[in-house]
Amino acid sequence: MNDGEILAWTETERLSFADLLGSLAEHDWSVTTLCTEWTVHAMAAHLAQSTRNRLKDTLVGIVKARGNWDRMNVDQAIAYGARFSPAELVAQIREDAGSPRRSPGAKPVDPLADVLIHGQDVARPLGIARPMPEQPAIASLEHLLVSPFWGAKKRCRDLKLIATDAEWSGGAGPEEVRGPLVDLLLAVSGRSTGLATLTGPGAALLGAR
């Protein structure tokens, strides 16, 4: 797996996400996503904005958010979404699908994980099945487990994750957690949705962190 392959996966997922958004009815855009501070419209704005932010935008945003990265992301997505219609946001995501641009300090896998997870954030509240490709999901899981930005290192401390739909496991802890790749990825990223499908003595620990 190299940076070119990761970017190709990311482009495919962004285009697929744009297709999902393009299929939605007008009222779907106001539905709250799994990121409860964002509607579908704000989520689309976040994905569109992620390849268009300049370093200056990030620096100004982090100052306004008093150093809170998550707060900055929430505020900027809402503000960006207020400037553009759903159709305009979908067009921007399509246009920038193959962009390698990413946030300061981010690794090539971070935008891939971002679009994979946010695709589920939108699809699940709308009752839409959104399959997750195996290799990109595995790459994202392995990255989250070692990344300092996602909170997964603390969240998955003492856990060993085992996929039930692929030949994959990760983590070196004594407490096993088993489940589909997509639900493992959501749980590792801090989402409670999907925890019901996870089994093993570590599942309760993962849900409590």
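Position 1 is the first residue of the sequence, and the numbers go up from there.
Note that the CD atom of Gln92 and the CG atom of Leu47 stand 11.5 Å from one another [nearest 0.5 Å]. Taken from CG in Asp114 to NE2 in His46, the straight-line distance is 4.0 Å, to the nearest 0.5 Å. A distance of 11.0 Å separates OG of Ser169 from CG of Leu141, quoted to the nearest 0.5 Å. With rounding to the nearest 0.5 angstrom, the CG atom of Leu21 is 10.0 Å from the CG atom of Asp28. Taken to the nearest 0.5 Å, the CG atom of Leu195 stands 8.5 Å off from the CG atom of Asp183. Note that CZ of Arg102 is 13.0 Å distant from OG1 of Thr51, once rounded to the nearest 0.5 Å.
Of all non-hydrogen atoms in Ala163 and Leu181, the two that sit nearest each other are CB-CD2, 3.7 Å. Scanning all heavy atoms of the two residues, the minimum distance from Gly81 to His41 falls at O-NE2, 2.9 Å. Ala113 approaches Ser140 most closely through the heavy-atom pair CA-OG, 3.5 Å. For the pair Ala187 and Arg155, the tightest heavy-atom approach, listed with the atom from each and the gap, is O-CD, 3.5 Å. Val188 and Cys156 make their closest contact through CG2-SG, 3.7 Å (heavy atoms, listed as atom of the first residue, atom of the second, distance). Counting all heavy atoms, side chain and backbone alike, Val90 lies closest to Gly22 at CG2-N, 4.3 Å.
Side-chain N or O atoms of Thr36 include none that pairs as donor or acceptor with a backbone N or O of Thr32 at under 3.5 Å. Using a distance-only test at 3.5 Å, with no hydrogens or angles considered, a donor-acceptor pair links the side chain of Asn2 to the main chain of Glu5. A side-chain donor-acceptor contact under 3.5 Å links Arg14 to the backbone of Ala97. Of the possible donor and acceptor atoms, one in the side chain of Thr10 sits under 3.5 Å from a partner among the backbone N and O of Ile6.
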Exercise for the section: Before giving the answer on side chain to side chain contact (heavy atoms under 4.5 Å, CB included), spell out for Leu144 and Leu185 the whole-Å C-alpha distance, their side-chain angles and the decisive distance to 0.1 Å. Expected result: CA-CA 8 Å; Leu144 262 64; Leu185 183 58; 3.9 Å; yes
Handout entry: Val177 vs Leu184, side chain to side chain contact (heavy atoms under 4.5 Å, CB included): CA-CA, chis, key distance, verdict
Key = CA-CA 8 Å; Val177 182; Leu184 289 174; 4.1 Å; yes
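With a 4.5 Å cut-off on side-chain heavy atoms, Ser147 and Lys107 do not count as touching. The side-chain heavy atoms of Leu205 and Asp158, taken from C-beta on, include no pair separated by under 4.5 Å. Between Leu145 and Trp150 there is no side-chain heavy-atom pair separated by less than 4.5 Å. Using a 4.5 Å cut-off on side-chain heavy atoms (C-beta onward), Trp9 and Leu116 make no contact. By the 4.5 Å heavy-atom criterion applied to side chains, Cys35 and Arg191 are counted as neighbours. Contact check for Asp96 versus Arg52: side-chain heavy atoms found under the 4.5 Å cut-off. In this structure the side chain of Asp165 never reaches within 4.5 angstrom of the side chain of Met132, judged on heavy atoms. Phe84 is not listed as a side-chain neighbour of Gln49, based on a closest heavy-atom distance of 4.5 Å or more.
Cluster membership check: Ile162 does not share its hydrophobic cluster with Ile138, using side-chain heavy-atom separations under 4.5 Å among Ile, Leu, Val, Met, Phe, Trp and Tyr. In the hydrophobic clustering of ILVMFWY residues, with side-chain heavy atoms under 4.5 Å counting as a link, Phe17 and Leu15 come out apart. Follow the hydrophobic side-chain contacts under 4.5 Å out from Leu198 and you reach Leu159 in the same cluster. When hydrophobic clusters are built by joining Ile, Leu, Val, Met, Phe, Trp and Tyr residues whose side-chain heavy atoms come closer than 4.5 Å, directly or via intermediates, Met43 is grouped together with Ile128. By the criterion of side-chain heavy atoms lying less than 4.5 angstrom apart, applied directly or through intervening Ile, Leu, Val, Met, Phe, Trp or Tyr residues, Leu7 is not grouped with Val115; the two fall into different hydrophobic clusters.
Side-chain polar atoms of Trp168 and Glu142 form a donor-acceptor pair below 3.5 angstrom. Between the side chains of Asp121 and Trp38, no donor N or O sits under 3.5 Å from an acceptor N or O. Using a 3.5 Å distance cut-off with no hydrogens or angles, the side chains of Arg130 and Ser16 do pair a donor with an acceptor.
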